[in-house]
*Asks:* 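I'd like to ask some things about the structure below.
A note on names: the letters A, B, ... follow the listed sequences, proteins ahead of strands, and every chain is numbered from 1. What you see below is based on every heavy atom in this structure, not just the backbone, and it leaves out hydrogens, waters and symmetry mates.
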Amino acid sequence: MLNKKVADIFRNIAHILEIKGDNPFKIRAYLKAADSLENVTEDLEDVEREGRLAQIEGIGKDLAAKISEFIGFDRIKYYDELKKEVPGGLLDLLSIPGVGPKTAKLLYDKLKIADINTLEKYAREGKLRNLEGLKEKTEENILRGIELVKKGRERMDLGTAFITADKFISLLQDKPYVKKISFAGSLRRMKDTVRDIDILISSAHPEKVIDDFTRVEEVKSILNKGDTKSAVLTGDGVQVDLRVVPDNSFGAALLYFSGSKAHNIKLRQLAQKKGLKINEYGVFRARSVEDRAKAIAGKTENEIYKLLGMPFIEPELREDNGELEAALKNKLPVLINSDDIKGDLHMHSLYSDGHYSIKDMANAALKKGYDYVALTDHSIALKVANGLDLAALKRKRLEIEKLNKGLKIRILFGTEVELDNDGNTDYSDKVLSEFDIVVGAIHSGFRQPKEKITKRLIKACRNRHIDIIAHPTGRLWGVRDAYEVDFGAFFKAAADTGTFLEINSFPTRLDLNDVNARHAKESGVKIAISTDSHHIAQLDFIRFGVAVARRAWMTKHDVANTLSLKELMRVKKK
DNA sequence: GCCGTTTTCGGCCCGACTGTTTTCAGTCG
């Protein structure tokens with residue numbers, strides 16, 4: 001995707017400038033612009049055509065020109081020139097924890113090291129310790145860092161991250177010196193993937209808390225350990241960071257530690273204009289002598305936002321995507337909550353590839369407080385998932401009719417119907433017309449060109465029987481990337497035809513993602529948040545789908561399955 | 001390189017930890 005490509009180039013330019021020792025603020029401008037571009041919901045080509053590039057946060061005249069240049073010529077001359085000065089492999093060195101621009105430059109200038117393998121060789125041979133300002137300890141750290149990089153400390157999906165985070169929190173929360181505890185960072189902001197897990201604790205005895213932390217049984221190695229913070233690595237290679245602060249600083253620290261960085265920077269700038277200073281210990285009068293006892297605020301996040309003249313901002317919104325401006329005008333959306341969800345519209349039973357009966361799935365949904373649930377087993381063409389033939393459909397239908405007489409939840413007769421390479425369904429119109437809910441889905445032909453996939457999805461929108469399109473971009477974390485779609489055209493078709501688009505809550509899918517979902521909302525598309533459960537325990541994944549919707553600024557009115565069954569049946573197609 | 005209710009120049013968030021020093025630079029979040 002173009003936005004991502006340009007963002008990556010800007011990030012590379014920033015890294016090259018760092019190594020060159022260029023103006024740090026210029027470097028920050030490139031990094032800020034890169035972050036900003038990744039949050040732009042529209043395609044940059046459209047924004048450029050309408051001359052709105054410079055309206056993007058962090059993009060000025062100069063960077064707008066560079067984006068235009070890339071759109072027109074598929075290259076940026078300035079970037080090409082820079083690359084000649086700094087060999088490509090040198091940028092890879094920056095991915096090693098502990099190696100920054102200064103060290104990378106030193107290694108290249110003195111020893112002509114420009115890739116990770118060469119660096120490893122020199123470090124093993126003890127050839128780094130003769131460099132100025134670098135001794136054995138740093139050599140060891142570099143080797144340890146390289147080991148981490150080689151292990152591929154990738155980002156992990158939210159589900160995996162929460163398993164580790166919950167474990168640490170449950171083991172630490174009852175320790176005698178722990179007063180308050182919370183996870184923070186991108187996990188608290190519910191980003192779809194996270195790199196490490198951040199935990200914040202308030203305590204009067206930080207050293208004892210940090211001792212307990214480093215002794216948690218999952219800890220395999222200690223990366224660092226200071227008076228108030230520490231970082232460890234688990235056996236699974238997950239990094240967990242801990243910060244300990246006094247109890248009256250908990251709110252300020254939670255704010256700081258939750259980020260995002262861009263949100264914090266802007267918040268601190270706002271504070272500066274009011275003659276205040278925010279750090280992780282609280283809010284202070286900027287001119288007074290540093291005295292942490294004299295914080296004006298800091299116990300809770302809420303009082304800090306209030307002091308700056310705005311309401312509380314939910315962590316999911318803290319990406320510097322306009323949330324601070326909206327908060328100052330008191331125009332933040334009332335975000336959807338898990339409690340707003342009235343039913344789940346995508347799940348499987350024993351009829352296809354699920355692991356529980358329809359009755360079990362329905363009872364589990366009832367326990368979650370739902371009013372309705374759609375059992376959308378696979379259709380006949382998806383043989384690997386035991387897709388239902390007409391005889392099986394009949395049996396399933398009769399079973400549902402029978403169950404509906406005795407249960408306090410309404411079971412909807414549904415299907416997840418295959419969309420073939422041209423966007424046609426494998427069930428006939430007549431068969432489709434008998435379902436309460438039809439979910440259309442792509443499970444093959446992911447590599448079609450953008451135009452073809454877009455046409456296929458639009459055709460599905462125009463099918464009068466298809467109520468919802470499941471996992472609209474096909475991405476599966478760690479397996480395959482999303483296919484290319486012309487989102488502008490696709491979302492317009494969905495909005496025009498009243499087709500709901502799914503936010504699939506499976507943590508390895510989360511599809512639509514936050515940025516696309518916000519684009520869909522802005523295009524007038526109605527969303528269905530579903531779990532795609534194959535197991536009763538997976539119904540709880542709904543919180544991840546809701547999180548995506550919250551990150552997309554959605555209220556309950558943007559989401560179809562917050563409606564009562566009666567309302568849902570009224571607003572859906574047909 | 002961006003940005004503006006201290007506005008077109010002169011600012012740009014703030015602090016902890018480590019390793020190397022003898023007061024600090026580099027890195028990280």
*Asks:* Taking atom C1' in both B:dT6 and B:dC24, what distance in whole Å separates the two?
*Replies:*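 Rounded to whole Å, the distance is 34 Å.
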
*Asks:* The side chain of A:Lys137 lies closest to which of these nucleotides: B:dG15, B:dG29, B:dG19?
*Replies:*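 Per side-chain heavy atoms of A:Lys137, the pick is B:dG19.
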
*Asks:* Please determine if a side-chain N or O atom of A:Thr103 lies less than 4.0 Å away from the OP1 or OP2 oxygen of B:dT27.
*Replies:*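 For A:Thr103, the contact criterion (side-chain N or O under 4.0 Å from OP1 or OP2 of B:dT27) is met.
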
*Asks:* Does A:Leu276 reach a base, just sugar-phosphate, or nothing at all? Heavy atoms under 4.0 Å.
*Replies:*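 Counting heavy atoms under 4.0 Å across all strands, no contact is made by A:Leu276.
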
*Asks:* Less than 6.0 Å separating the ring centroids of A:Phe183 and A:Phe168?
*Replies:*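 That pair fails the under 6.0 Å test.
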
*Asks:* Distance check, P atoms only: B:dC3 and B:dC13, in whole angstrom units.
*Replies:*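 These two P atoms come out 13 Å apart once rounded.
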
*Asks:* Using the C1' atoms only, state how far B:dC2 lies from B:dT7, rounded to an integer number of Å.
*Replies:*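 It works out to 13 Å between them.
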
*Asks:* Quickly work out the A:Ile265 CD1 to B:dG29 C1' distance and round it to whole Å.
*Replies:*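 Rounded to whole Å, this separation is 11 Å.
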
*Asks:* Taking only the side-chain nitrogens and oxygens of A:Lys277, find out if one of them lies under 4.0 Å from OP1 or OP2 of B:dG15.
*Replies:*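 Indeed, a polar side-chain atom of A:Lys277 lies that close.
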
*Asks:* Ignoring backbone atoms, test whether A:Lys261 places a side-chain nitrogen or oxygen under 4.0 Å from the OP1 or OP2 oxygen of B:dC14.
*Replies:*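 Answer is no, no contact under 4.0 Å.
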
*Asks:* Toward the 5' end of DNA chain B, which comes first, A:Gly100 or A:Ala64, by nearest nucleotide?
*Replies:*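 Closest to the 5' end, via its nearest nucleotide, is A:Ala64.
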
*Asks:* Roughly how many Å apart are B:dT27 and B:dT20, using the P atom of each and rounding to a whole number?
*Replies:*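 It comes out at 13 Å once rounded to the nearest Å.
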
*Asks:* For the CG atom of A:Leu37 and the CD1 atom of A:Ile67, what is their distance to the nearest 0.5 Å?
*Replies:*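 Between atom CG of A:Leu37 and atom CD1 of A:Ile67 there are 5.0 Å.
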
*Asks:* When you measure from the centre of the six-membered ring of A:Tyr256, is the NZ or CZ of A:Arg268 under 6.0 Å away and within 45° of the axis?
*Replies:*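 A:Arg268 over A:Tyr256 ring: no.
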
*Asks:* Between B:dC12, B:dG15, B:dG29, which one does the side chain of A:Tyr281 approach most closely?
*Replies:*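 So the side chain of A:Tyr281 is nearest to B:dG15.
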
*Asks:* Expressed as a whole number of Å, how far does the C1' atom of B:dT23 sit from that of B:dT18?
*Replies:*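 The same atom, C1', in both gives a distance of 15 Å.
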
*Asks:* Measuring only the P atom in each nucleotide, how far is B:dC12 from B:dG19? A whole number of Å is fine.
*Replies:*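 Pairwise P distance, B:dC12 against B:dG19, rounds to 31 Å.
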
*Asks:* Write down the distance between NZ (A:Lys135) and C1' (B:dT18), rounded to a whole number of angstrom.
*Replies:*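 The answer, rounded to whole Å, is 14 Å.
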
*Asks:* Could you check whether A:Ile278 gets within reach of a base, just the sugar-phosphate, or nothing at all, counting any heavy atom under 4.0 Å?
*Replies:*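 It contacts sugar-phosphate atoms only.
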
*Asks:* Does the side chain of A:Tyr79 reach to within under 4.5 Å of the side chain of A:Phe10, using non-hydrogen atoms?
*Replies:*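 A side-chain contact under 4.5 Å is absent here.
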
*Asks:* Testing A:Arg550, A:Arg518, A:Lys521 one by one against A:Asp558 for a salt bridge (Lys or Arg N to Asp or Glu O under 4.0 Å), which residue passes?
*Replies:*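 Among the candidates, only A:Lys521 passes.
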
*Asks:* Using a heavy-atom cut-off of under 4.0 Å over every strand shown, decide if A:Lys105 touches base, sugar-phosphate, or nothing.
*Replies:*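 Nothing, no nucleic acid heavy atom in range.
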
*Asks:* Figure out the NZ/P separation between A:Lys102 and B:dG26, and round it to whole Å.
*Replies:*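 That distance rounds to 5 Å.
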
*Asks:* Would you classify A:Tyr30 as touching base, sugar-phosphate or nothing, given that sugar-phosphate means primed atoms plus P, OP1 and OP2, and contacts are heavy atoms under 4.0 Å?
*Replies:*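 The answer is sugar-phosphate, as A:Tyr30 gets under 4.0 Å only of primed atoms, P, OP1 or OP2.
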
*Asks:* Remember a base hit wins even if backbone is also touched, and classify A:Arg243 as base, sugar-phosphate or nothing at under 4.0 Å, heavy atoms.
*Replies:*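 A:Arg243: backbone/sugar contact only, no base atoms under 4.0 Å.
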
*Asks:* Measure the distance from CZ on A:Phe25 to P on B:dG10 and round it to the nearest whole Å.
*Replies:*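 Roughly 15 Å, once rounded to whole Å.
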
*Asks:* Taking donor-acceptor contacts at under 3.5 Å, does the side chain of A:Asp198 reach the base of B:dG29?
*Replies:*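 Side chain to base: no pair present.
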
*Asks:* Below the 4.0 Å mark, does B:dC14 have OP1 or OP2 next to a side-chain nitrogen or oxygen of A:Gln272?
*Replies:*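 Checking A:Gln272 against B:dC14: at least one side-chain N or O falls below 4.0 Å of OP1 or OP2.
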
*Asks:* It should be established whether A:Asn279 places a side-chain nitrogen or oxygen under 4.0 Å from OP1 or OP2 of nucleotide B:dG15.
*Replies:*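 So the side-chain polar atoms of A:Asn279 do come within 4.0 Å of the phosphate oxygens OP1 or OP2 of B:dG15, strictly under.
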
*Asks:* Per the salt bridge (Lys or Arg N to Asp or Glu O under 4.0 Å) rule, which among A:Glu319, A:Glu323, A:Glu316 passes with A:Arg551?
*Replies:*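 Option passing the salt bridge (Lys or Arg N to Asp or Glu O under 4.0 Å) with A:Arg551: A:Glu319.
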
*Asks:* Counting side-chain heavy atoms from CB outward, which of B:dC17, B:dC2, B:dC14 is closest to A:Asn224?
*Replies:*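 My answer, after comparing the listed nucleotides, is B:dC17.
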
*Asks:* Could you state the CZ-C1' distance from A:Phe257 to B:dC14, rounded to the nearest angstrom?
*Replies:*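 One finds 14 Å between C1' of B:dC14 and CZ of A:Phe257, rounded.
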
*Asks:* Taking only the P atom of each, what is the distance from B:dT5 to B:dC17 in whole angstrom?
*Replies:*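 Looking at atom P only, B:dT5 and B:dC17 are 37 Å apart.
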
*Asks:* Both A:Glu132 and A:Gly98 contact DNA chain B. Taking the nearest nucleotide for each, which residue is further toward the 5' end?
*Replies:*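 Taking each residue's closest nucleotide, the earlier one in sequence belongs to A:Glu132.
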
*Asks:* For A:Asn264 and B:dG15, what is the distance between atoms CG and C1' respectively, to the nearest whole Å?
*Replies:*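 Value for this atom pair: 12 Å.
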
*Asks:* Within the pair A:Ser230 and B:dC17, is there a side-chain N or O less than 4.0 Å away from OP1 or OP2?
*Replies:*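 No, because none of the side-chain N or O atoms of A:Ser230 sits under 4.0 Å from OP1 or OP2 of B:dC17.
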
*Asks:* Which base, if any, makes a Watson-Crick or G-U wobble pair with B:dG29, both distances under 3.5 Å?
*Replies:*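 Pair assignment: B:dG29 / B:dC14.
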
*Asks:* Would one find a side-chain N or O of A:Arg268 under 4.0 angstrom from OP1 or OP2 of B:dC12?
*Replies:*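 False: A:Arg268 side-chain N/O out of range (4.0 Å or more) of B:dC12 OP1/OP2.
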
*Asks:* So, does A:Lys32 get its side chain near the phosphate of B:dC12, meaning an N or O under 4.0 Å from OP1 or OP2?
*Replies:*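 Answer is no, no contact under 4.0 Å.
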
*Asks:* Just call it for A:Asn141: base, sugar-phosphate, or nothing, with non-hydrogen atoms closer than 4.0 Å on any strand.
*Replies:*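 It contacts sugar-phosphate atoms only.
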
*Asks:* Hey, does A:Gln538 have a side-chain heavy atom less than 4.5 Å from the side chain of A:Thr531?
*Replies:*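 Sidechains of A:Gln538 and A:Thr531: no contact.
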
*Asks:* Ignoring the backbone of A:Asn23, work out which of B:dT20, B:dC12, B:dA16 is nearest its side chain.
*Replies:*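 Given the options B:dT20, B:dC12, B:dA16, the side chain of A:Asn23 is closest to B:dC12.
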
*Asks:* Quick one: are A:Arg243 and A:Glu280 in side-chain contact, heavy atoms under 4.5 Å?
*Replies:*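 A:Arg243 reaches A:Glu280 side chain to side chain.
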
*Asks:* Could you give the CG-to-P distance, from A:Asp227 to B:dT18, as a whole number of Å?
*Replies:*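 Computing the A:Asp227:CG to B:dT18:P distance gives 9 Å.
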
*Asks:* Between A:Ile76 (CD1) and B:dG1 (C1'), how many Å, whole number?
*Replies:*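 Interatomic distance, CD1 of A:Ile76 to C1' of B:dG1: 14 Å.
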
*Asks:* Would you mind classifying the nucleic acid contact of A:Pro101 as base, sugar-phosphate or nothing, using non-hydrogen atoms under 4.0 angstrom?
*Replies:*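 If one applies the 4.0 Å heavy-atom cut-off, A:Pro101 turns out to touch the sugar-phosphate alone, with no base involved.
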
*Asks:* How far does the C1' atom of B:dG26 sit from the matching atom of B:dT21, given to the nearest Å?
*Replies:*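 To the nearest whole Å, 13 Å.
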
